[in-house]
**Student:** 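Have a look at the structure that comes next, please.
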Amino acid sequence: MNTRALQETSLRYFLEVVRCGSISEASERLKVAPSAISRQIARLESELDTLLFERRARGMVPSAAGELLAVHARRMQLEADRVGSEIQALRGLQRGKVRLASSEGFAVDFLPSAVAAFRKRYEGIHFQLAVGPPAEATRRVREGEADIGLTFSLKPEPDVQIEYRQPAPIMAVVAPSHELAGKRQVSMSQLQRYDLALPTPDTTLRQLFDICSSRQNLAFESIFSSHYTEALINFAMLGGGVALAGEISIRHRVQQRRVVAIPIRDRGMDSRFIEIQTLAKRTLPSATQTFLEFLKAHIATGRLPLATPSARP
């Protein structure tokens, strides 16, 4: 085996084909001729004496060897990015980029507030945020597309380092004028009396709600359903019914007294966790590590890290 074949260009082309699932799409994204990409992959396969892809009618899927090489390629790419960031960090965190991935609940108030507060001190640090379902945030971290993931989780994930974890019980969210607004807690059986706005089944919140409902043989009908939880929370805030959310998703609006969050006391509704995730065994660039510590310090305080002159990591 000629390990010299594992050069940057070959791995970059290879990794893009893994991401895209086809040479033609990788060619468009890289602005490189398909023949050049094919030659590099063929060279890798020849030098490593193994097939890296299974060629299928609808695209290319990494073989077992291809999956192993993809892990190596991602780590090499991330390490190169880290070294570049470390060189910039010698100037005192004056420059850098932090790539974030999160589920929607973190993207509305908490992360914008955290980024604004952090940049009060480190103006040269730039941020990129991708928002999607909880599993998507974890996937981006695992595949090196994001440096830090903030998401809700029901169980640990392989190849992902949990930097911070805390329970994220599900709350009932109502308008201040709603008859439940004065309750210190509520049960799921009590919620059957009210109009519910529920998220779609691909969210951890809905999955946990359905599990707990099934355990108690309770049936619920959602009068307003959406994959966009902000629409559901605003619906409840306007007096349309009861929505469900984690505390961090509505922290700002609770502090402003625009909504009321009521704990749901049923066993199992506290089985979801907030997680801050990074790729396992990865050394983070200084800017990313500093922002990670900033997040860990603020996420459990019950306050948003608002961008004020006094905000400090």
**Student:** Any chance CZ of R165 has more than 12 other-residue heavy atoms, nucleotides or ligands included, within less than 6.0 Å?
**Tutor:** yes
**Student:** Between atom NE2 of H298 and atom NZ of K296, what is the distance when rounded to the nearest 0.5 Å?
**Tutor:** 14.0 Å
**Student:** Hydrophobic clusters here meaning ILVMFWY residues chained together by side-chain heavy-atom distances under 4.5 Å, can you tell me if V254 and I264 are in one?
**Tutor:** no
**Student:** Taking side chain to side chain contact (heavy atoms under 4.5 Å, CB included) as the criterion, tell me which of V186, L191, V242 meets it with I262.
**Tutor:** V186
**Student:** If we only count heavy atoms from C-beta on, is the L69 to L11 side-chain gap below 4.5 Å?
**Tutor:** yes
**Student:** Looking at S27 and A33, what are the two nearest heavy atoms and their distance?
**Tutor:** OG-C, 3.9 Å
**Student:** Treating Ile, Leu, Val, Met, Phe, Trp and Tyr as nodes and any side-chain heavy-atom pair under 4.5 angstrom as an edge, say whether I233 and V174 lie in one connected cluster.
**Tutor:** no
**Student:** Closer than 3.5 angstrom, by distance alone: can the side chain of T203 be matched with the main-chain N or O of T200 as a donor-acceptor pair?
**Tutor:** yes
**Student:** Between atom OG of S226 and atom CG of N234, what is the distance when rounded to the nearest 0.5 Å?
**Tutor:** 11.0 Å
**Student:** Determine whether Q192 and F220 make a side-chain contact, defined as any pair of heavy atoms from C-beta on separated by less than 4.5 Å.
**Tutor:** yes
**Student:** Taking atom CZ of R215 and atom CG of L218, what is their separation to the nearest 0.5 Å?
**Tutor:** 12.5 Å
**Student:** With distance as the sole test, does S214 use its side chain to make a donor-acceptor pair with the main-chain N or O of I211 at under 3.5 Å?
**Tutor:** no
**Student:** What's the shortest heavy-atom distance between I148 and V141, and which atoms?
**Tutor:** C-CG2, 4.0 Å
**Student:** So, using side chain to side chain contact (heavy atoms under 4.5 Å, CB included) as the criterion, who are the partners of T138 when residues are at least two apart?
**Tutor:** R142, T151, E157, V160, Q277
**Student:** For a quick test of reading the model, state the closest non-hydrogen atom pair linking L205 to G246 and the distance between them.
**Tutor:** CD1-N, 4.3 Å
**Student:** Run the numbers on V17 and L52 for side-chain contact (heavy atoms from CB on, under 4.5 Å), then give the verdict.
**Tutor:** CA-CA 11 Å; V17 175; L52 298 175; over 6 Å; no
**Student:** Quick one: do M188 and M269 satisfy side-chain contact (heavy atoms from CB on, under 4.5 Å)? Show the steps, please.
**Tutor:** CA-CA 10 Å; M188 292 183 66; M269 291 296 279; 4.0 Å; yes
**Student:** Ignoring hydrogens, what is the shortest heavy-atom contact between G66 and P62? Give both atom names and the distance.
**Tutor:** C-CB, 4.0 Å
**Student:** What's the verdict on salt bridge (Lys or Arg N to Asp or Glu O under 4.0 Å) for K155 and E275, showing C-alpha distance, side-chain angles and the deciding distance?
**Tutor:** CA-CA 10 Å; K155 64 183 189 307; E275 287 187 358; over 6 Å; no
**Student:** Restricting to side chain to side chain contact (heavy atoms under 4.5 Å, CB included), what partner residues turn up for F127, sequence neighbours left out?
**Tutor:** V98, L100, V115, F118, R119, I125, F291
**Student:** Under the criterion side-chain contact (heavy atoms from CB on, under 4.5 Å), I'd like the reasoning laid out for F110 against L150: C-alpha separation, chi angles, the key distance, then a yes or no.
**Tutor:** CA-CA 10 Å; F110 181 75; L150 284 88; 4.0 Å; yes
**Student:** Start with the C-alpha gap between E16 and R12, add the side-chain angles, then the distance that decides, and say whether salt bridge (Lys or Arg N to Asp or Glu O under 4.0 Å) holds.
**Tutor:** CA-CA 6 Å; E16 197 61 43; R12 184 161 56 90; over 6 Å; no
**Student:** Considering the options R139, R99, R74, which one meets the salt bridge (charged side-chain N to carboxylate O under 4.0 Å, His left out) requirement together with E145?
**Tutor:** R139
**Student:** Measure the CD-NE2 distance between E67 and H72 for me, rounded to the nearest 0.5 Å.
**Tutor:** 15.0 Å
**Student:** Would you kindly confirm whether V32 and L15 end up in one hydrophobic cluster when ILVMFWY residues are joined by side chain heavy atoms under 4.5 Å apart?
**Tutor:** no
**Student:** At what distance, to the nearest 0.5 angstrom, does CD of E230 lie from CE of M237?
**Tutor:** 8.5 Å
**Student:** What are the two closest non-hydrogen atoms of R43 and S10, and how far apart are they?
**Tutor:** NH1-OG, 3.6 Å
**Student:** So if you build clusters from Ile, Leu, Val, Met, Phe, Trp, Tyr with side-chain heavy-atom gaps below 4.5 Å, do V108 and I299 land together?
**Tutor:** no
**Student:** Cluster question for you: counting only ILVMFWY and a side-chain heavy-atom cut-off of under 4.5 Å, with indirect links fine, are I170 and L180 together?
**Tutor:** yes
**Student:** If you count the non-hydrogen atoms of other residues, nucleotides and ligands that lie under 6.0 Å from CD in E221, is the total more than 12?
**Tutor:** no
**Student:** Please report the closest heavy-atom contact between A172 and L244, naming both atoms and the distance.
**Tutor:** CA-CD2, 4.2 Å
**Student:** Are F235 and V173 side-chain neighbours, meaning at least one heavy-atom pair lies under 4.5 Å?
**Tutor:** no
**Student:** Answer yes or no: is there a donor N or O on one side and an acceptor on the other, between the side chain of D147 and the main chain of T288, under 3.5 Å?
**Tutor:** no
**Student:** State whether a side-chain donor-acceptor pair under 3.5 Å links Q161 with T278.
**Tutor:** no
**Student:** Are I274 and F106 side-chain neighbours, meaning at least one heavy-atom pair lies under 4.5 Å?
**Tutor:** yes
**Student:** Report yes if the side chains of H178 and V260 come closer than 4.5 Å at any heavy-atom pair, otherwise no.
**Tutor:** no
**Student:** Can a donor-acceptor pair be found, under 3.5 Å and without considering hydrogens, that links the side chain of R253 to the backbone of S249?
**Tutor:** yes
**Student:** Do any pairs count as a ring pair (Phe, Tyr, Trp, His ring centres under 6.0 Å) and have a residue in residues 10-44, sequence neighbours left out, and if so which ones?
**Tutor:** F14-F53
**Student:** Going by atom types only, do E54 and S63 share a side-chain donor-acceptor pair under 3.5 Å?
**Tutor:** no
**Student:** Surrounding CZ of R257 (heavy atoms of other residues, nucleotides or ligands, distance under 6.0 Å), is the total greater than 12?
**Tutor:** no
**Student:** Between P134 and S103, is any pair of side-chain heavy atoms under 4.5 Å apart?
**Tutor:** yes
**Student:** Can you check side-chain contact (heavy atoms from CB on, under 4.5 Å) on F224 and L198, steps first, answer last?
**Tutor:** CA-CA 7 Å; F224 184 24; L198 297 177; over 6 Å; no
**Student:** Side-chain contact, heavy-atom cut-off 4.5 Å: P169 with R272?
**Tutor:** no
**Student:** Regarding Q190 and S187, do their side chains bring together a donor and an acceptor under 3.5 Å, going by distance alone?
**Tutor:** yes
**Student:** I want to check something: taking the side chain as every heavy atom from C-beta on, are R251 and D109 in contact at a cut-off of under 4.5 Å?
**Tutor:** no
**Student:** So does Y228 get a backbone contact from the side chain of E104, meaning a donor-acceptor N/O pair under 3.5 Å?
**Tutor:** no
**Student:** As an exercise, state the distance from CG of L44 to CD of Q40, rounded to the nearest 0.5 Å.
**Tutor:** 7.0 Å
